[in-house]
Peer 1: 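Quick one: the structure is below, and I'll ask about it shortly.
Order of the sequence lines fixes the chain letters, A, B, ..., with proteins taken first and strands second; residue numbering starts at 1 for each chain.
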There are 2 protein chains.
Amino acid sequence: MAKDTSSSDLLRGTLDTLILKTLAWGPRHGYGIARWLEDVSDDMLRIEEGSLYPALYRLEKRGYVESEWGVSELGRRAKHYRLTPFGRAQLQRETEDWTRFAQIVSRVLSTEPAS
Amino acid sequence: MAKDTSSSDLLRGTLDTLILKTLAWGPRHGYGIARWLEDVSDDMLRIEEGSLYPALYRLEKRGYVESEWGVSELGRRAKHYRLTPFGRAQLQRETEDWTRFAQIVSRVLSTEPAS
DNA sequence: CGGAATTGCCTAGAGTGTCTAGGTAATGGA
DNA sequence: TCCATTACCTAGACACTCTAGGCAATTCCG
C-alpha cells in the first residue's frame, strides 16, 4: 500500500489550473480536456474521470467556465465547456501563483548541502 | 470564503519533500524546520504547525526520519529530527518526481494559445 | 451477428493531507 | 507583572483526488 507518490498528490491544487489552461485554447468537452492534457504532457498527466467531472462542476459553480450540451466530433452527446472572462482572469492569477511557488520549491530542492 | 489559492493547496504533496530536504542539511527540531523553510523561501512558504507536526509523525512512521528529545539552541526542550538513509533515498525520488511534474506543468501553462 | 472496445457522462465513498483553533509549558523582556 | 516567543501537541473541519462502480451509444473485428 506504499503510496506511489506519482503525480496524484502533486496534482492537487493544479488540476483546476490545468483545466482552465486547456480551455484557454478553445471550448472543449470534458472527455476531450482529459485527452488533451494527456497528449500535451506525453501521457504523464493522467486525469481520472472521478477527478475531472467534479472539477468541472467546481469551476462552473465558481463562474470560471460555462457549459452547454452539444455534440462531439464523433457525433456523440457531449457537454462543451468554455472559459468565462472571469475564468480567464483566474487562470492568470493561478498561473502566477504556480510559477512563483514552483520557483521557490525548485530553488530549495536544487540547493545542495555542502556536505 | 473565496479560497485564497495561495500555496496552501499547492503545498500538498510537497511539504514532506521540503521537510526531508531541510533535514538533508543536518538535524533540526520541528520548530526550526518551519523557521528554516520560511527563511530560505523569503517568507513565501508558511508552514503551519498543524501541518508540520503531523507531517513529522508521518515521516517518522514511514522510516524517513528519526527523532530524539534534546535541547534547543535556546536551552528549551525540543525534539530533534534527522534523515535516515531510507529518507535520503526517498528525498531523491521525490525530488525527481517533483522536477518532472513541475516541468510538465510549467510547459503546459507557459504555452500561449495562438489566439 | 455478436461481443469488446471506445467515447462520453455521472456519482458515492474512501483516503489523505492541510488548516484552524485550540491547548500546554518554559523563558525573556518591558 | 504581563506579554511575546519558543516549542510541542491535537481534534475536527474542509477540500480534493481516487477507486470503482454505473449508464448509453457507437464502432471495430472476428
Peer 1: Output a table of donor-acceptor pairs, distance under 3.5 Å, between side-chain atoms of residues 42-50 of chain B and any protein atom two or more places apart or on a different chain; print 'none' if there are none.
Peer 2:
unit_1 : atom_1 : unit_2 : atom_2 : d
B:D43  : OD2    : B:R46  : NH2    : 3.3
B:R46  : NH1    : B:D43  : O      : 3.4

Peer 1: Tell me, for nucleotides 22-30 of chain C in 5' to 3' order, what letter each nucleotide earns: B for a base near a protein heavy atom under 4.0 Å, S for only sugar-phosphate near one, - for neither?
Peer 2: ----BB---
Peer 1: Applying ring pair (Phe, Tyr, Trp, His ring centres under 6.0 Å) as the test, list every pair that has at least one member in residues 85-111 of chain A; sequence neighbours left out.
Peer 2: A:Y64-A:F86, A:W98-B:W98
Peer 1: I need the CD-P distance between A:E94 and D:dC16, as an integer number of Å.
Peer 2: 10 Å
Peer 1: Just to verify, what does A:R28 make a side-chain contact (heavy atoms from CB on, under 4.5 Å) with, not counting sequence neighbours?
Peer 2: A:T22, A:L23, A:I33, A:W36
Peer 1: Check whether any side-chain N or O of A:Y53 sits under 4.0 Å from OP1 or OP2 of D:dT17, and answer yes or no.
Peer 2: no
Peer 1: Between B:S72 and D:dA7, is there a contact of a side-chain N or O with OP1 or OP2 at under 4.0 Å?
Peer 2: yes
Peer 1: With nearest nucleotide decided by heavy atoms, which residue, B:E48 or A:E73, maps closer to the 5′ end of DNA chain C?
Peer 2: A:E73
Peer 1: Closest nucleotide of DNA chain D for B:Y31 versus for A:G13: which of these residues is on the 5' side?
Peer 2: B:Y31
Peer 1: What residues form a side-chain hydrogen bond (donor to acceptor under 3.5 Å, both in side chains) with A:Y53, not counting sequence neighbours?
Peer 2: none
Peer 1: Quick one: pull up CD1 in A:I104 and CG in A:L109 and give me the separation to the nearest 0.5 Å.
Peer 2: 11.5 Å
Peer 1: For residues 74-88 of chain B, which residue pairs pass the side chain to side chain donor-acceptor pair (under 3.5 Å) check, not counting sequence neighbours?
Peer 2: B:E66-B:R82
Peer 1: Using the closest heavy atom to pick a nucleotide of DNA chain C for each, name whichever of A:S51 or B:T14 lands nearer the 5' end.
Peer 2: A:S51
Peer 1: Please list, in numerical order, the residues of residues 19-30 of chain B that have a heavy atom closer than 4.0 Å to any atom of DNA chain C.
Peer 2: none
Peer 1: May I ask you to verify if any side-chain N or O of B:R58 is less than 4.0 angstrom from the OP1 or OP2 atom of C:dT18?
Peer 2: yes
Peer 1: A:E96: what forms a salt bridge (Lys or Arg N to Asp or Glu O under 4.0 Å) with it, not counting sequence neighbours?
Peer 2: none
Peer 1: Less than 4.0 angstrom from a charged side-chain N to a carboxylate O is my criterion; do B:D9 and B:R12 meet it?
Peer 2: no
Peer 1: Can you name the residues that form a side-chain hydrogen bond (donor to acceptor under 3.5 Å, both in side chains) with A:R58, not counting sequence neighbours?
Peer 2: A:D16
Peer 1: Between D:dC9 and B:R77, is there an OP1 or OP2 to side-chain N/O distance shorter than 4.0 Å?
Peer 2: no
